[in-house]
Amino acid sequence: MHMPIPFLNRLKFQDKINLGTACIVIFFGLITALSVTRVSVDSILEGNRERGTSMARNLALRAIDPMLGRDSLRLKNLVDQMAGLSDYINYAFVLDRQGDVLAHTFKKGFPVELKDANEAFEKGVRIQLLDTGEARIYDFAAPVIIGGDRYGTVRLGISQVRVQTAKREVMVTIFGITAAVTLAAMVLSTIFARGVAKSINLLRESAEEVVRGNLDVQTAKALGRNCWEVMRCYNKGCPAYHDDRHRCWYLAGTLCPECQDVHLPEKFESCRTCKVYRENVGDEIQSLAETFDVMALTLNAYIDELKHAKSDLERQKSLMQTILDVTPDLVSLQDRDLKYIAVNKAFCTYFHKNESDVIGITDFDIFNEEQADTNYHEDQQILITGQSLSKQILVGRTGNRRWFHIIKVPVYDGETIIGLLLTARDISVIKQYQERLIHSQKMQDLGKLAGGVAHEINTPLGIILGYAQLLIEDVPEGEQMREDLKIIERQTKVCRKIVSDLLGFSRNIESSMESMELNKSLTDVVELVQHIFRQERVTVDTDLDPNVPPIVADEDKLKQVWMNLLNNAFDAIGSDGHILVGTKLCSHRRRVLVTVADTGSGIKEGNMGRVFDPFFTTKPAGEGTGLGLSVSFGIITDHGGKISVTSPAPVEYLETGDDKTGTRPPGPGTLFIIELPLTKEGLPDEECPEAIDLKSGIQAV
Amino acid sequence: MRFTVRILLLLTLIALALPLAGCEDPEPVKRIDLTKREEITFRPRQVEVTYAYLPQYSHSLSYQRHNLLVEYLSEATGLTMRQVFPDTFDEHMNMVDQGQIDISFSNPFIYVKMAHRGGAQAFARIVEDSGKNFRGQIIVRQGNESIGTLADVRGKRWLAVDPSSAGGFLFPLGHFIEHGIQRKDFAEVAFAPGPGGKQEKVVLGVASGQYDVGSIREGTLALMADKVDLSQIRVLAETRWYPGWVYSARKGLNQEIVRKIKSAMLALSQDNPRHLPILENAGFTAIIPSQDSDFDPVRLLAASIGLDVGK
């Protein structure tokens, strides 16, 4: 309730009760005092009048005989006696029938004005209040009646001081009593209020404990007799048994046979009829305290449930976050204003931001304005239409361009779109595979074409060569013609070599697949070139896995591949370099790796996808046909294997061997990886663990 | 807490202030000056005829009974008459002797005494309901079983009106003596104390059991009907008749005055509506002429009981 006077709000409860009690007691004390004083004063006045009247009448009666007897002395004695009865009697005198003063009590003459100041009624006493200037006097005039005949008058003056004194005494008494009652009421109300305030303070302290989080409070006082004592219960399985911290009716699951199977708050109603409750029931404050305890207990239970729920939620959130963070896809959730409200770890990593930096910002804070504007319009379209969006985009600068598959779906809450979920999957690798697939198809088609063309050209070339050689034999040495014919013969041989390579690339050359030692074929080729390469201070080392089993392959063709790769490596090094040839048996023993690494000039990034194309070469004109790697590609593919290249080569391939102290620093280098199957089924689906690290940098296959 | 104390102080002040507002007396007040004084001087007395009733009753009763009569006499005679109130029989007799009482209304014994001592002269006497004579009564308390006959009064305590009372002492004393009972036969002979009201005191003395035997004039009991339960009183005996109360003039009083007064007294008649209240008030039915010889039986009685009328 709103207090009419603000400062009353600030008063303590105890002070309010004291003040209220004091106000009530003083108010009623005043009313009582006023009325009682009035009644008492009236009573005193009336008593005084009656007393004075009685005394006047008495004087009148007693004055009869002296008056009749004209006994002035007796009359004088009479009035003197009367005046001497009390200090409050100011005077007394007797008038005869004619109004002459017969006797009076005044010492020095009789006051002239007093005689006519009051006059008796015919047969009654008349009272007149006189003010002498110094005091107030009640003047009583009583007739002296003898046998119905008025014989004279007696006058009696009684000071009002007596009345005033009596009035004052009454008032002092009444107000003293009022003050005493007020004091007593204050003391009692203080005792009472202190008891109530104590209970309320206990409630407040308990409430503060609850606010601090301590819900294990007991505000209500302990029971006089506990439930098991009242009910004479020995059910030790009951949660209330010997629990004097809580009322039995607080506890859910009590096994009391009188407790119906109801729970709070309905339990309160059934409790009201319980004799334990009825025996221990107290006033409203106790009820409030008990209800408070129940509230705390219930809150405790609710908080426990909430803790469990929170724990569950946190676990699920953690799980969800883990899932989101583990997934390599970029995942984000935006609200209707397109502000990010959740992102996963991949998202943050990609944009080099913390999660807290992303939350609350929009695409305009992440992307350039053009890209952000595009995204904004796409997102708004989704939010308006509810249609999902799926697209592939190429992002990043040259040299670090990546393909992403973007899916944006609206997030519904019931019928309403509340946000936008984005998943962006990096499909660069898939794209590469896709490109390689296309490339392979192209190579296959090109091989067929080249094979067909070579087959058709091979015969005329043989005829041209045959006839050229016949003509040489016919032309003596030293003639110009003979030199010209030799040029024809030589160039024709070049053509036949080219045709032969083309046929090899097109796999039109028949293969003789036999069991062979892979390491031996490699050693043979290395030994063949080692001597020549060393002249240019290029060393060739081998790191061959002795566990490599024999494979079924065309040894000659594989040697052609090895030779081709070593030649390319030597060409890339030029001089002062190192070539490392290695084999490795995969742990699942279904694949074998052959690696050829060099410390040469490496392959430019733009050329990586073209090194296996026929006729692609970086060598000067006349020094290479550009068919070496394409032929090697064909041979390996024909064996069911794969060939891939990476540049620059991994460092560990460059720093092995004896040339760690070489005169030239190792170049970026190139690493070729050839994977050959060990079974007829071809390469297995699973990757070779040993090749995974190497292949992470592979740019072309 | 300081705030509460302040509020309580305020309330207390209000509590003290409120009743003060209601302290004024609503009665009308007359202002007088007591400083103006004068000495009281009595007015000089006019020449007046004083009239006194032998104080057998209280002064006020005497006044009540005779006031109208005195006024009547003043009016009828043109004399200024004033009733005076002697306190005792002796004072009455002395005042007659000294001339302070001109007209005396007394019982026959007193008259005999006054006539003997100072020469008072009877000129009228009253007629009561019982007749022109009166007598005394001897009363006892109704419950006093020890007194059945007059003879039983011996050894008892006797309360009489006054040694000079005719009906209240002398007549009964004569009656006792006639019946052989002497004054000394009583355990105690007391007289009603104090001035006035002696007849009533005797009745009250007997009714209260203070005395065993009382003697009063006849008619007293009727006057006491409203003061005493008369069923408590038993009249043991009555004396013989004697001449009733008598009006006498002091020696030396102007006979003209006596004549006027006597004339006015004799003129009183119950038939006169104006006279009737006067007579009723005084307890008379009429006033008749009288003379000194009418009281000889009294003188005889006095002699018989050994009373010296000269004292």
Side-chain angles (χ1 to χ4, degrees), chain A residues 7 10-12 15 18-19 22-23 26-27 29-30 33-34 37-38 41 45 61 64-72 98 100-104 106 108-114 117-118 127-134 136 139 146-149 151 160 163 167 171 174-175 178-179 182 186, chain B residues 1-8 10-23 25-43 45 50 52-53 55 58-68 71 82-87 91 194-197 281:
Chain A
F7 61 74
R10 296 196 291 270
L11 284 181
K12 285 183 176 178
D15 291 343
N18 282 344
L19 184 59
C23 285
I26 290 176
F27 176 75
L30 280 178
L34 283 175
T37 303
R38 174 56 61 190
V41 167
L45 281 174
L61 287 172
I64 289 174
D65 280 359
M67 282 178 76
L68 290 175
R70 294 242 164 189
D71 190 339
S72 299
Q98 288 76 31
D100 291 335
V101 178
L102 300 178
H104 63 83
F106 295 98
K108 295 178 180 177
F110 185 83
V112 180
E113 293 182 8
L114 186 59
N118 192 12
I127 304 165
Q128 174 65 54
L129 183 60
L130 302 178
D131 184 359
T132 66
E134 294 177 354
R136 289 190 166 193
D139 186 281
I146 304 173
D149 186 29
Y151 198 73
Q160 202 191 32
V163 178
K167 264 169 74 174
M171 287 173 66
I174 288 172
F175 284 100
T178 303
T182 305
M186 288 281 291
Chain B
M1 204 60 193
R2 285 170 58 196
F3 170 79
T4 310
V5 170
R6 266 183 278 164
I7 288 286
L8 287 176
L10 182 66
L11 287 171
T12 310
L13 284 175
I14 292 171
L16 291 173
L18 272 175
L20 294 177
C23 281
D25 235 319
E27 297 171 278
V29 179
K30 184 180 281 186
R31 288 192 65 85
I32 59 163
D33 185 359
L34 289 183
T35 57
K36 295 178 183 174
R37 303 287 178 111
E38 66 176 9
E39 289 302 327
I40 298 300
T41 53
F42 293 96
R43 297 175 193 175
R45 285 187 182 179
T50 54
Y53 176 24
S58 64
H59 290 345
S60 57
L61 188 57
S62 299
Y63 177 84
Q64 286 177 52
R65 295 189 71 166
H66 289 256
N67 181 40
L68 293 178
E71 287 179 357
R82 181 172 65 86
Q83 187 178 0
V84 295
F85 301 88
D87 286 332
E91 187 182 359
N281 228 33

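Letters A, B, ... mirror the listed sequences (proteins, then strands); counts begin at 1.
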(message) Is Ile127(A) in contact with chain B via its backbone, its side chain, both, or neither, using a 4.5 Å heavy-atom distance?
(response) neither

(request) Identify the two heavy atoms, one from Glu39(B) and one from Lys108(A), that lie closest to each other, and give their separation to 0.1 Å. (result) OE2-C, 4.1 Å

(request) Can you establish whether the number of heavy atoms outside Gln98(A) located under 6.0 Å from its atom CD is more than 12? (result) yes

(request) Quick one: list whatever passes salt bridge (charged side-chain N to carboxylate O under 4.0 Å, His left out) with Asp100(A), sequence neighbours left out. (result) Arg43(B)

(request) Identify which part of Asn281(B) has an atom lying under 4.5 Å from any heavy atom of chain A, answering side chain, backbone, both or neither. (result) neither

(message) Assess the residue pair Leu114(A) and Ile32(B) against the criterion (side-chain contact (heavy atoms from CB on, under 4.5 Å)); give the C-alpha distance rounded to whole Å, side-chain angles, the decisive distance to 0.1 Å, and a yes or no.
(response) CA-CA 7 Å; Leu114(A) 186 59; Ile32(B) 59 163; 3.6 Å; yes

(message) Let me confirm one number: the CZ-CG distance from Phe106(A) to Leu34(B), rounded to the nearest 0.5 Å.
(response) 6.0 Å

(message) The test is side-chain contact (heavy atoms from CB on, under 4.5 Å); show your working for Val112(A) and Arg37(B) and say whether it passes.
(response) CA-CA 5 Å; Val112(A) 180; Arg37(B) 303 287 178 111; 5.8 Å; no

(request) Measure Tyr151(A) against the heavy atoms of chain B and call it side chain, backbone, both or neither at under 4.5 Å. (result) side chain

(message) When you measure from the side chain of Glu113(A) to the backbone of Asp33(B), do you find a donor-acceptor pair of N or O atoms at a distance under 3.5 Å?
(response) yes

(message) Please give me the minimum heavy-atom distance between Ile146(A) and Ser60(B), naming the atom from each residue.
(response) CG2-O, 3.4 Å

(message) Has Lys30(B) got a side-chain atom pairing as donor or acceptor with Leu129(A)'s backbone, closer than 3.5 angstrom?
(response) no

(message) Please enumerate all residues that pass ring-ring contact (aromatic ring centres under 6.0 Å, His included) together with Phe85(B), with sequence neighbours excluded.
(response) His59(B)

(request) Could you verify whether a donor N or O on one side chain and an acceptor N or O on the other, from Asp149(A) and Tyr63(B), lie under 3.5 Å apart? (result) yes

(request) Flag the pair Leu130(A) / Val29(B) as yes when at least one side-chain heavy-atom distance between them is below 4.5 Å, and no otherwise. (result) no

(request) Mark yes when over 12 heavy atoms from residues, nucleotides or ligands other than Lys36(B) sit less than 6.0 Å from its NZ; otherwise mark no. (result) no

(request) Heavy-atom pairs under 4.5 Å with chain B are the metric here; pick the option from Asp139(A), Ile64(A), Thr132(A) that has the most. (result) Thr132(A)

